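One structure below.
Not measured: the values here are computed from a predicted model. Side chains are part of it too, since the values below use all heavy atoms of this structure and drop only hydrogens, waters and symmetry mates.
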Amino acid sequence: MDKIRRHIIFYGSVQGVGFRWKASHTARRLGVSGWVRNLYDGSVEMEAEGTPRDIADLIEALENHSWGSVERIESQDIPVHGDYSFEVR
């Protein structure tokens with residue numbers, strides 16, 4: 001299956017609750033590459049590259065994160081970069 005890359009911003013209680021660690025751990029487990037970082041407004045920004053199913057599974061895992069709460073997600077497809085790892089920025 002072809003890879004896609006998605007730019008995603010998570011809004012809600014997503015900073016200071018282990019959200020980036022969960023994103024990194026889950027992405028690596030699923031074989032998704034990209035990065036995640038906190039933004040100044042309290043949201044979390046992520047770029048994820050992988051199969052559509054793996055990215056959907058990653059987003060679902062983050063929506064169901066037990067320590068925080070995702071109130072809203074904005075996402076759009078962007079060009080594939082060909083990354084090989086996932087990092088916390």
Side-chain angles (χ1 to χ4, degrees):
M1 182 174 269
D2 289 335
K3 288 186 175 185
I4 63 168
R5 188 173 187 95
R6 190 160 290 151
H7 178 260
I8 308 159
I9 300 180
F10 297 89
Y11 297 92
S13 178
V14 291
Q15 287 191 17
V17 294
F19 192 88
R20 291 178 302 151
W21 179 88
K22 174 75 171 181
S24 175
H25 177 75
T26 305
R28 289 178 183 138
R29 182 177 52 81
L30 292 169
V32 173
S33 60
W35 53 264
V36 64
R37 68 179 171 192
N38 287 339
L39 295 178
Y40 70 93
D41 66 356
S43 62
V44 172
E45 179 181 32
M46 180 169 68
E47 286 191 11
E49 186 172 311
T51 67
R53 177 75 255 156
D54 289 340
I55 292 174
D57 288 347
L58 173 59
I59 292 170
E60 182 179 338
L62 293 171
E63 285 179 303
N64 297 320
H65 183 52
S66 61
W67 301 313
S69 64
V70 175
E71 295 173 5
R72 180 171 54 102
I73 299 173
E74 292 180 3
S75 80
Q76 65 181 17
D77 289 344
I78 59 175
V80 172
H81 287 221
D83 296 338
Y84 292 100
S85 65
F86 194 94
E87 66 182 56
V88 175
R89 293 186 173 173

Looking at [X] and [Y], what are the two nearest heavy atoms and their distance?
X	Y	value
A61	T26	CB-CG2, 3.9 Å
G34	D83	CA-OD2, 3.8 Å
A48	I55	O-CD1, 3.4 Å
M46	L62	CE-CD1, 3.9 Å

[X] and [Y]: same hydrophobic cluster, using ILVMFWY side-chain contacts below 4.5 Å?
X	Y	value
V14	W35	no
I78	V36	no
V88	V70	yes
L30	I4	yes

task = Quick one: do F19 and N38 satisfy side-chain contact (heavy atoms from CB on, under 4.5 Å)? Show the steps, please.
result = CA-CA 9 Å; F19 192 88; N38 287 339; over 6 Å; no
Go through the structure and list residues passing side chain to side chain contact (heavy atoms under 4.5 Å, CB included) with [X], not counting sequence neighbours.
X	value
H25	W21
D41	Y11, L39, S43
S13	V17, S69

query = How would you list, by chain and number, every residue that makes a side chain to side chain donor-acceptor pair (under 3.5 Å) with R37, sequence neighbours excluded?
reply = E45
query = In chain order, what residues pass the side chain to side chain donor-acceptor pair (under 3.5 Å) check against N64, with sequence neighbours excluded?
reply = none
key: Heavy-atom donor-acceptor pair, R20 side chain to R89 backbone, under 3.5 Å   = yes
query = Any donor-acceptor pair under 3.5 Å linking the side chain of E49 with the backbone of G82?
reply = yes
task = Would you mind listing every ring-ring contact (aromatic ring centres under 6.0 Å, His included) that reaches into residues 69-89, with sequence neighbours excluded?
result = none
request  = Hey, could you give me the CD1/CD distance between I8 and E47, rounded to the nearest 0.5 Å?
outcome  = 9.0 Å
